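Just below is one structure, and these are the notes that go with it.
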Amino acid sequence: MSLVVFPFKEEDPEVLLRNVKVALDHPRVKEVLCVGASEDHCFRAVSAAIPDLSREYGKPVNVIVQERIGELRPGKGDGMNTALKYFLERTDHERVHFYDADIVSFSEEWITKAEEAADEGYQVVRHYFPRSSTDAMITWFITRTGFALLWPKSVLPWIEQPIGGELLLTREAAGVLFSDHRVRRQSDWGIDTLYTFSMAAHGLSIAEIYIGVGKLHKLYGALTDLKTMLIECFAAVQSLKGEAVAEGTVHHVEYPGPVKQEVKEKIGYDIEGTLWLLRENWTDRQAELLGLFPGKVREGLLASRDYPRFAFMDDGLWAEVYGILLEHFEPGDPDWRELLFKLWITRVLQYTTTVALRGYDYAMYYLHRMVADYVHRSLTSG
Ligand code: GDX
Ligand code: MG
């Protein structure tokens, strides 16, 4: 029997409450927990609705504010870890599910499929979704790239959506993750990276299940909305670079279904708005830091102060840049944060205009090939 958790911050209470009801309706679900970042309007609306819901379904529903557990910016990580702690210390349910609160395509199937994979004996079940070729730009160019370059022999590069927020953990897996101090300290957007890293590091068995309807949720505009997430996701990978990961993990990925035309045609971000970001917020120090990078990168970025340039940032050069960032990037330094953001934008724009432009099927093939090439490069580079 299971607990379902929704971490939330300033969400539309109607969407969250609909998702709570979907969970309560499921026979495997014994309790629902919503963990808020603070007592915001959503928190108040959900709290007010809970007594009736609890009575109607005959199951406990709780809404709590997240505790301060970690050491970085207090964010989604504190929310998820507060839920893990609650699950382990205050309940005796066998499994815990996490789902983002803003999903509008959530259904009973998401819970059922996860439960079925757990019934087969997997300790962790991760949901994955069809994504458009210009969506998931942090996943591909930060997380999967880093996992491939740093832990090429592990399962990490092969996890479809390593920073997805939808997953099931058995009680045992939840205990392993919560007793990992690296997980508990990660209070920010890096939490998804840390959950994935820790499950692989400890050799937990992982099933990935495919949800064909996709994750429809709040959307972003220009890539600037993703800046904090990008920085925290990169810093999370960087903080782990010397750590060991188990090899030979049991990992099964469900074969994906046909992808809807709508997803194939979706453009993941505002390209014109993003071009301008390359011209903004320059400082002399950023120009100086570019001295650490290959000539092509330095010259390209500096020229972008006048006119956006990005065609130079192909996958080979990005791997080099990534290695330099792993060594020198300082998460607390505003110039480094800005520079990482600009470098990533050049990679995203280069990919968009030379790869994604050729169509969905080609782009997906390219991205998977890119990860495999990074794994190969890492395994064979002495
Ligand atoms: N308790 C709590 N505290 N919840 C938070 C906080 C926080 O500080 N910040 C965000 N959330 C909730 C939010 O309300 C939502 O339910 C969920 O966390 C995800 O946030 P959202 O703003 O919807 O982010 P986004 O871009 O949809 O990212 C999510 O999906 C990504 C992905 O799968 O691509 C998020 O789970 C990412 O970590 C993940 O990479
Ligand atoms: Mg979302």
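Order of listing sets the numbers, starting from 1, for every ligand and every atom in it. Keep in mind that what you see is a predicted model, and the values were worked out from it rather than measured. Every heavy atom of this structure was used, including side-chain atoms; hydrogens, water molecules and symmetry mates were not.
- Checked against the Mg ion (ligand 2), the N, O or S atom of His217 at the shortest distance is ND1.
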- From CA spacing to verdict: side chain to side chain donor-acceptor pair (under 3.5 Å), Glu10, His41: CA-CA 7 Å; Glu10 291 156 14; His41 76 286; over 6 Å; no
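- Applying the 4.5 Å side-chain rule to ILVMFWY residues, one finds Val15, Val104 in the same cluster as Leu216.
- A cation-pi geometry, defined here as NZ or CZ lying under 6.0 Å from the six-membered ring centre and within 45° of its normal, does not hold between Arg347 and Phe310.
- Ligand 1 is surrounded by Pro7, Phe8, Lys9, Glu11, Val35, Gly36, Ala37, Gln66, Gly75, Lys76, Gly79, Asp100, Ala101, Asp102, Arg131, Ile163, Gly164, Gly165, Trp189, Asp192, Lys215, His217, Lys218, Tyr220, Met229, each with at least one heavy atom closer than 4.0 Å.
- Annotation: Lys153, atom NZ; neighbour count of heavy atoms from other residues, nucleotides and ligands within 6.0 Å does not exceed 12.
- For residue Asp102, an N/O/S atom approaches the Mg ion (ligand 2) to within less than 2.8 Å.
- A cation-pi contact links Arg171 to Phe87, judged by a cut-off of 6.0 Å to the six-membered ring centre and 45° from its axis.
- With 3.5 Å as the limit, one finds no donor-acceptor pair spanning the side chains of Tyr374 and His376.
- Shown are Val4, Leu168, Leu169, Val35; of these, the side chain to side chain contact (heavy atoms under 4.5 Å, CB included) with Phe98 is made only by Leu169.
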